[in-house]
S.K.: 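Quick one: the structure is below, questions incoming.
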Amino acid sequence: MKKSMFASCVMSILFLVLSFNVPVNASAGQTLRYSASAQVFEGFDSARLDTFTQDTGIAIDLYVASSQSCVYRLLQDMTDVASSVRPLSQREKDFGLNAIPFAKDPLAVITHKSTPVDALTTEQLQSLFSGNVANWKEVGGPDLAVTLVVPGEQTGAHKNFRRQVMRHNDVQFDYMTYTSTRVLEAIESLPAGAVSFISRGAQITHPKVKVILIDGTKPGDADYPFYQIFNLVTKGEPAGTVKTFVDFITSDKGKALILERGMLPVE
């Protein structure tokens, strides 16, 4: 009788494992706290985190915010690993933070697909976001008002655009979004003429938003001028579930998705 009950229990447990498709491995039942840059999540993580859990059995406790907020949470031990699209400061490095680059992502200039503007020069782009151009006809476009939409000042997208495009000059705006990827929703909902910038990997999933060529090049071309680096950020050298996560993101599966989203893997 006891053997019969034991066998029944074993069969029940196996049935539950198979039914819920939970990987049976040493990591099963563990949770990883992950603070993701909004651009990294939109461009890469949204299609990859479920696969990570399926492959490893490690659940993700996800928080999405600006790069600065994610790095701060790591410093305060509020998360196990973060992602960021800005370089670490020397102060952050002194506190033991370690940046692991995994993707090179074009910083795309975007507008609604109905906006009849397809190309700009770097100088015209600088004039737009310095607030010196109020109408697209001033940069060779139609008689159409310019509406500037920018990510919040604490986002990696804003910092990278200000450094690379504006040469550290202020970025002017009509609308500012809290997280970087909200500019995609703004461009989709505002009238033609609105313009912004965001990760190419994030933009590619929004068919109503088109990319403007810069100096005759498009994001992904070898001579495209503006890029961001996607980093995983850890405290010290990764270990345990954090190392499992880093290894997964930098694996062949991760690299395949990077290429699929118009980005380039960083070895």
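As the structure is a prediction and not an experimental result, all values here were calculated from the model.
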S.K.: Kindly indicate, with the supporting measurements, whether the criterion side chain to side chain donor-acceptor pair (under 3.5 Å) is fulfilled by Tyr178 and Thr155.
M.R.: CA-CA 8 Å; Tyr178 175 67; Thr155 65; over 6 Å; no
S.K.: Mind checking whether Thr217 and Pro225 have side chains closer than 4.5 Å, heavy atoms only?
M.R.: yes
S.K.: Between Ser199 (side chain only) and Gly43 (backbone N and O only), is there a donor and an acceptor less than 3.5 Å apart?
M.R.: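 Answer holds: no.
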S.K.: Tell me whether the guanidinium CZ or amine NZ of Arg73 lies under 6.0 angstrom from the six-membered ring centre of Tyr63 and within 45° of its axis.
M.R.: yes
S.K.: Begin from the C-alpha positions of Leu32 and Asp61 and carry the test side-chain contact (heavy atoms from CB on, under 4.5 Å) through to its verdict.
M.R.: CA-CA 6 Å; Leu32 178 73; Asp61 181 2; over 6 Å; no
S.K.: Is the closest basic N to carboxylate O distance between Lys235 and Asp80 below 4.0 Å?
M.R.: no
S.K.: Are any side-chain N or O atoms of Ser127 and backbone N or O atoms of Glu123, one a donor and one an acceptor, separated by less than 3.5 Å?
M.R.: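 Yes.
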S.K.: Which is it for Phe161 and Phe129 under the ring-ring contact (aromatic ring centres under 6.0 Å, His included) test, yes or no, and what are the steps along the way?
M.R.: CA-CA 10 Å; Phe161 188 86; Phe129 282 94; 5.0 Å; yes
S.K.: Would you check if Leu232 and Ile249 make a side-chain contact, meaning some heavy-atom pair closer than 4.5 Å?
M.R.: yes
S.K.: Please find the pair of heavy atoms, one from Thr205 and one from Glu42, that lie closest to each other, and give the distance.
M.R.: OG1-OE2, 3.6 Å
S.K.: Taking Val117's backbone N and O only, do any of them form a donor-acceptor pair with Thr115's side chain (distance below 3.5 Å, no angle check)?
M.R.: no
S.K.: Identify which one of Thr121, Asp221, Asp223, Leu120 satisfies the side-chain contact (heavy atoms from CB on, under 4.5 Å) criterion when paired with Asp215.
M.R.: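 Of Thr121, Asp221, Asp223, Leu120, side-chain contact (heavy atoms from CB on, under 4.5 Å) with Asp215 is met by Thr121 alone.
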S.K.: For Ala36 and Phe41, which heavy atoms make the closest approach, and how far apart are they?
M.R.: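 Where Ala36 meets Phe41 most closely, the heavy atoms are CB-CB, 4.1 Å.
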S.K.: Under the 3.5 angstrom rule, does the side chain of Thr111 hit a backbone N or O of Val195 as a donor-acceptor pair?
M.R.: no
S.K.: Could you walk me through whether Phe52 and Phe245 pass ring-ring contact (aromatic ring centres under 6.0 Å, His included), step by step?
M.R.: CA-CA 8 Å; Phe52 170 75; Phe245 185 69; 5.2 Å; yes
S.K.: Please report the C-alpha distance between Glu188 and His206 in whole Å, then the side-chain angles of each, then the deciding distance to 0.1 Å, and finally whether the side chain to side chain donor-acceptor pair (under 3.5 Å) criterion is met.
M.R.: CA-CA 9 Å; Glu188 287 174 329; His206 291 256; 3.0 Å; yes
S.K.: Given side chains that start at C-beta, do those of Val266 and Phe230 come closer than 4.5 Å, heavy atoms only?
M.R.: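 No, every pair of side-chain atoms sits at 4.5 Å or beyond.
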S.K.: Minimum heavy-atom separation for Ile258 to Ala103, with atom names?
M.R.: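 Smallest heavy-atom distance, with atoms named: CD1-CB, 3.9 Å.
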S.K.: Counting C-beta onward and ignoring hydrogens, is there a side-chain heavy-atom pair between Val109 and Leu125 closer than 4.5 Å?
M.R.: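 Yes, their side chains come closer than 4.5 Å.
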S.K.: Counting heavy atoms not belonging to Lys255, are there more than 12 under 6.0 Å from its NZ?
M.R.: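 Yes, enclosed.
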S.K.: Taking Gln154 for its side chain and Gln68 for its backbone only, find out whether a donor-acceptor pair lies under 3.5 Å.
M.R.: no
S.K.: In terms of side-chain heavy atoms, does Tyr34 have a donor or acceptor partner in Ser83 at a distance below 3.5 Å?
M.R.: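 Side chains of Tyr34 and Ser83: pair found under 3.5 Å.
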S.K.: Is there side-chain contact between Phe102 and Val40, with at least one heavy-atom pair below 4.5 Å?
M.R.: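 Yes; the side chains approach each other to less than 4.5 Å.
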S.K.: Check Arg86 with Glu92, please: is the shortest side-chain N to carboxylate O separation under 4.0 Å?
M.R.: yes
S.K.: Less than 4.5 Å apart, any side-chain heavy atom of His168 and any of Arg163?
M.R.: yes
S.K.: Determine whether Pro116 and Leu144 make a side-chain contact, defined as any pair of heavy atoms from C-beta on separated by less than 4.5 Å.
M.R.: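 With C-beta onward as the side chain, the pair touches.
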S.K.: Evaluate Asp94 against Gln90 for side chain to side chain donor-acceptor pair (under 3.5 Å), listing each step before the verdict.
M.R.: CA-CA 6 Å; Asp94 290 343; Gln90 187 57 53; 2.9 Å; yes
S.K.: Which atom pair, heavy atoms only, marks the closest approach of Asn135 to Pro142?
M.R.: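 Heavy atoms of Asn135 and Pro142 come nearest at OD1-O, 3.2 Å.
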S.K.: What's the separation between atom CG in Asn231 and atom SG in Cys70, rounded to the nearest 0.5 Å?
M.R.: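 It is 12.0 Å, given to the nearest 0.5 Å.
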S.K.: In plain terms, say whether Asp45 and Arg48 are close enough for a salt bridge, that is, a side-chain N and a carboxylate O under 4.0 Å apart.
M.R.: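 Answer for the salt bridge query: no.
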S.K.: For a side-chain contact (heavy atoms from CB on, under 4.5 Å) check, start with the C-alpha distance between Asn160 and Phe197, then their side-chain angles and the critical distance, and finish with the verdict.
M.R.: CA-CA 10 Å; Asn160 289 327; Phe197 49 89; over 6 Å; no
S.K.: Under 6.0 Å from the OH atom of Tyr224, do we count more than 12 heavy atoms belonging to anything else shown?
M.R.: yes
S.K.: Counting only heavy atoms not in Tyr175 (residues, nucleotides, ligands), do more than 12 fall under 6.0 Å from its OH?
M.R.: no
S.K.: Are Ser180 and Ile198 close enough that some pair of their side-chain heavy atoms sits under 4.5 Å apart?
M.R.: yes
S.K.: Determine whether a donor-acceptor pair (N or O, by modelled atom type, separation under 3.5 Å) exists between the side chain of Ser37 and the backbone of Ser67.
M.R.: no
S.K.: From His158 NE2 over to Phe173 CZ, what is the distance, rounded to the nearest 0.5 angstrom?
M.R.: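 Between atom NE2 of His158 and atom CZ of Phe173 there are 8.0 Å.
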S.K.: Can you tell me how far apart CG (Asp105) and CZ (Phe226) are? Round to the nearest 0.5 Å.
M.R.: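 The CZ atom of Phe226 is 14.0 Å from CG of Asp105, to the nearest 0.5 Å.
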S.K.: Please assess Ser130 against Met166 for the test side-chain contact (heavy atoms from CB on, under 4.5 Å), listing each intermediate value before the final yes or no.
M.R.: CA-CA 8 Å; Ser130 65; Met166 303 302 292; 4.0 Å; yes
S.K.: Hey, what do you get for NE2 (His112) to OG (Ser189), rounding to the nearest 0.5 Å?
M.R.: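 Spacing of NE2 (His112) from OG (Ser189) equals 8.5 Å.
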S.K.: Are Ile204 and Val183 linked, directly or through other ILVMFWY residues, by side chains that come within less than 4.5 angstrom of each other?
M.R.: no
S.K.: When you group the ILVMFWY residues by side-chain heavy-atom contacts below 4.5 Å and let the links chain together, are Val233 and Leu49 in the same group?
M.R.: no
S.K.: Look at the side-chain heavy atoms of Ile, Leu, Val, Met, Phe, Trp and Tyr, link any pair under 4.5 Å apart, and say whether Val246 and Leu74 land in one connected group.
M.R.: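 Val246 does not cluster with Leu74.
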S.K.: Of all heavy-atom pairs between Leu184 and Ala202, which one has the smallest distance, and what is that distance?
M.R.: CD1-O, 3.8 Å
S.K.: Specify the closest pair of heavy atoms between Leu107 and Ala157, including all atoms of both residues, with the distance to one decimal.
M.R.: CD2-O, 4.4 Å
S.K.: Between atom OG1 of Thr244 and atom CD of Gln30, what is the distance when rounded to the nearest 0.5 Å?
M.R.: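 Answer for the OG1-CD pair, Thr244 versus Gln30, is 8.0 Å.
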S.K.: If you measure from CG on Leu257 to OG1 on Thr51, what distance do you get to the nearest 0.5 Å?
M.R.: 8.5 Å
S.K.: Quick one: do Leu213 and Val211 end up in the same hydrophobic cluster if we chain Ile, Leu, Val, Met, Phe, Trp and Tyr together by side-chain heavy atoms under 4.5 Å apart?
M.R.: no
S.K.: Do Val64 and Val81 sit in the same hydrophobic cluster, where Ile, Leu, Val, Met, Phe, Trp and Tyr count as joined when their side-chain heavy atoms come under 4.5 Å apart?
M.R.: yes
S.K.: Could you walk me through whether Met263 and Arg200 pass the side-chain contact (heavy atoms from CB on, under 4.5 Å) check?
M.R.: CA-CA 7 Å; Met263 302 179 286; Arg200 168 61 170 160; 5.6 Å; no
